[in-house]
Amino acid sequence: MVKGGLLKDDAEWSTLGVKEGQKLMMMGTADEIVKAPEKGPVFVEDLPEEEQAINLGHSAGLFNLGNTCYMNSTVQCLHSVPELKSALIKYSHSGRSNDVDQTSHMLTIATRDLFGELDKSVKAVAPMQFWMVLRKKYPQFGQLHNNTFMQQDAEECWTQLLYTLSQSLRSSGSSESPDTVKALFGVELVSRVHCVESGEESSETESVYSLKCHISHEVNHLHEGLKHALKSELEKNSPSLGRSAIYLKESRINGLPRYLTIQFVRFFWKRESNQKAKILRKVDYPLQLDIFDLCSDDLRKRLEAPRRTLRDEEGKKLGLKSNEKSSGSKDNDIKMSDVEGSSNGSGEASNPTPDEGAMTGIYDLVAVLTHKGRSADSGHYVAWVKQESGKWIEYDDDNPIPQREEDITKLSGGGDWHMAYICMYKARTVPM
């Protein structure tokens, strides 16, 4: 206070007539005196290595042990699937059942241990034990040329490793998920096989761990390549004709996985040079993939209710009201059995637990495995993986490099730069 009045923050001091040495009265409540911190500041480099890894925001890289980039990139992509890591953690040394061979058991253990090392380390990890067991289980990955280990196909490594894990984890006696790998990656296909010449027709069902994207001069986008791959011609014996005939096979997706893997069929056998050649054509792929039109009629019906729920949720975020159709009582009376079973047509993975949610047929890109070079037997493989934070990391062997999301879709081919060879998408689900 000054001269009986309150002194405000914006008061003009020159008009108050304050003289040197004059006393002013201060009124108010004093704040508590700040105490010195009980613990001094802790620097990241002083933390235990496991905590450093958490603060880093991404897992460690993998040393190249001699043309092992195909293996490193495969491991980094699969390591990004938390449900697979959880299943491996539960797998024990003594968990091997009689129908799993010793090398499959050891490869599963090596995968579990390598995933654990990647999560705990801030420095690059040398996957020596994993590589030794992989070569023992699948000798083709141990091929030598001039005493040097040869470059191998990342897709073959991906397929073989998933097959091994599917055998081990299915037999580990877990009642929660009898077939973990199939639930996570298995795509159920239903096919109509038709002979134009004889009129014979039959249906087939099969389970695959990836969809193919065929590349031709007509294919500019991933969706077009998937459509081409779901139609094929095959020659087989016709009972009614008594000889071989051409059959048309048209497939549809009848069950969806949590993680949809798509392989771009870029390599083919070139007779002139007697080696695998590469199709360099640019094929665009989206950050968000909707495969509703590739599904069977039965699966589409099961996806309709969750898709409406997803549209309403996204609409609310944008401040939009639910449309009349999705909020009407008639549509809301859809049986829960229509929502359940939308995960996988086989029935084994068709009843997701409540926290997993119901499938919508819409997927978000979470990993890309790329190849640079003109031959499958040479060049370089790299993994580009989306972290839980939403940031992307390029795993170039032992060197993790942050990347922008807009740069990920530029890996679509058309030159000698890295181009997508395998894409992995994660299902977008809604609460049940």
Side-chain angles (χ1 to χ4, degrees), residues 138-140 152-164 166-167 181-182 185-257 260-281 283 285 291-300 344-346 371 374-377 413 420-423:
Y138 300 106
Q140 69 264 35
Q152 299 293 334
D153 190 329
E155 190 274 332
E156 288 183 16
C157 182
W158 184 301
T159 301
Q160 301 284 38
L161 180 56
L162 269 191
Y163 175 76
T164 299
S166 72
Q167 300 299 304
V181 174
K182 190 175 182 180
F185 302 99
V187 182
E188 293 294 323
L189 295 177
V190 58
S191 304
R192 171 179 173 263
V193 183
H194 176 69
C195 179
V196 178
E197 194 176 354
S198 68
E200 294 168 274
E201 189 172 305
S202 62
S203 62
E204 298 175 357
T205 58
E206 61 181 316
S207 180
V208 296
Y209 286 146
S210 67
L211 293 179
K212 307 296 183 186
C213 174
H214 284 181
I215 302 174
S216 67
H217 65 281
E218 301 171 351
V219 174
N220 298 304
H221 192 273
L222 170 63
H223 214 275
E224 296 169 334
L226 291 174
K227 282 185 176 180
H228 276 269
L230 291 174
K231 293 182 180 179
S232 60
E233 284 189 357
L234 55 124
E235 185 177 345
K236 66 175 188 173
N237 185 61
S238 167
S240 62
L241 297 175
R243 56 176 172 80
S244 62
I246 300 297
Y247 285 76
L248 300 178
K249 183 178 180 181
E250 295 183 46
S251 302
R252 283 285 178 268
I253 300 169
N254 201 42
L256 296 172
L260 180 64
T261 305
I262 297 169
Q263 181 211 348
F264 292 80
V265 187
R266 289 199 172 274
F267 297 112
F268 67 99
W269 189 256
K270 201 170 185 179
R271 291 181 180 178
E272 303 88 66
S273 57
N274 202 33
Q275 64 178 5
K276 275 186 180 178
K278 185 178 178 183
I279 301 171
L280 302 177
R281 182 179 178 82
V283 179
Y285 55 91
I291 59 168
F292 184 76
D293 64 326
L294 304 179
C295 297
S296 65
D297 291 340
D298 181 50
L299 180 54
R300 287 188 196 185
N344 197 302
S346 67
H371 179 264
R374 302 224 164 195
S375 169
D377 301 324
Y421 184 37
I422 297 174
C423 282

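Atoms considered below: every heavy atom in the structure, side chains included; atoms not considered: hydrogens, waters and symmetry mates.
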Do Y138 and T164 touch side chain to side chain, with heavy atoms closer than 4.5 Å? yes

Can you tell me how far SG of C213 sits from CD1 of I422, rounded to the nearest 0.5 angstrom? 12.5 Å

Determine, stepwise, if the pair I279 / F264 fulfils side chain to side chain contact (heavy atoms under 4.5 Å, CB included). CA-CA 10 Å; I279 301 171; F264 292 80; over 6 Å; no

Taking Q263 for the side chain and E155 for the main chain, is one N or O donor matched with an acceptor at less than 3.5 Å? no

Cation-pi geometry met for R266 and Y421 (6.0 Å, 45°): no

Between D293 and R300, does any NZ, NE, NH1 or NH2 come within less than 4.0 Å of an OD or OE carboxylate oxygen? no

Do you know the tightest heavy-atom contact between N237 and G242? OD1-C, 4.1 Å

Judged by atom type as modelled, is there a donor-acceptor pair below 3.5 Å linking the side chain of R281 to the main-chain atoms of H217? yes

So that I can tick it off, tell me whether E200 and K236 are bridged by a salt bridge, with the cut-off set at under 4.0 angstrom between side-chain N and carboxylate O. no

Considering all heavy atoms of both residues, which atom of R374 and which atom of H371 are nearest to each other, and what is their separation? N-CE1, 4.5 Å

Could E201 and R192 be called an ion pair, given the rule that one side-chain N must be under 4.0 Å from one carboxylate O? yes

Find out whether K231 and L248 are in side-chain contact, i.e. whether some heavy atom of one side chain is under 4.5 Å from a heavy atom of the other. no

Can you tell me how far apart CD (E235) and SG (C195) are? Round to the nearest 0.5 Å. 10.5 Å

For P257 against G186, the heavy-atom pair lying closest together: CB-O, 3.3 Å

With a 6.0 Å cut-off (strictly less than), is the heavy-atom count around CZ of F292, excluding the residue itself, greater than 12? yes

Under 6.0 Å between ring centres: does that hold for Y285 and H223? no

Less than 4.5 Å apart, side chain to side chain, heavy atoms only: is that true for F268 and K278? no

Which pair of heavy atoms, one from E188 and one from K182, lies closest together, and at what distance? OE2-CE, 3.0 Å

Could you grab the distance from atom SG of C423 to atom CG of L222, nearest 0.5 Å is fine? 6.5 Å

Side chains of Y247 and S202: is there a donor and an acceptor less than 3.5 Å apart? no

Would you say Q160's side chain and C157's backbone share a donor-acceptor pair under 3.5 angstrom? no

All heavy atoms of R252 vs all of L294, minimum pair found to be CD-O, 3.3 Å

Working for side chain to side chain contact (heavy atoms under 4.5 Å, CB included), residues L189 and V208: CA-CA 8 Å; L189 295 177; V208 296; 4.0 Å; yes

Between L299 and C295 the two heavy atoms that sit nearest each other are CD2-SG, 3.7 Å

Tell me if a side-chain donor or acceptor on Y209 pairs with a main-chain N or O of T159 at a distance below 3.5 Å. no

Regarding S191 and S251, is there a side-chain donor-to-acceptor distance under 3.5 Å anywhere? yes

Is there side-chain contact between H221 and K227, with heavy atoms separated by less than 4.5 Å? no

Using 0.5 Å steps for rounding, measure from the OG atom of S232 to the NE2 atom of H214. 8.0 Å

Does some side-chain heavy atom of H228 sit less than 4.5 Å from a side-chain heavy atom of E218? yes

Any side-chain heavy atom of L211 within less than 4.5 Å of one from L226? yes

Any donor-acceptor pair under 3.5 Å linking the side chain of K249 with the backbone of E204? no

How far apart are the C-alpha atoms of V190 and D298, what are their side-chain angles, what is the distance that settles it, and do they pass the side chain to side chain contact (heavy atoms under 4.5 Å, CB included) test? CA-CA 11 Å; V190 58; D298 181 50; over 6 Å; no

Assess whether side chain to side chain contact (heavy atoms under 4.5 Å, CB included) is satisfied between V187 and T261, documenting all intermediate values. CA-CA 9 Å; V187 182; T261 305; over 6 Å; no

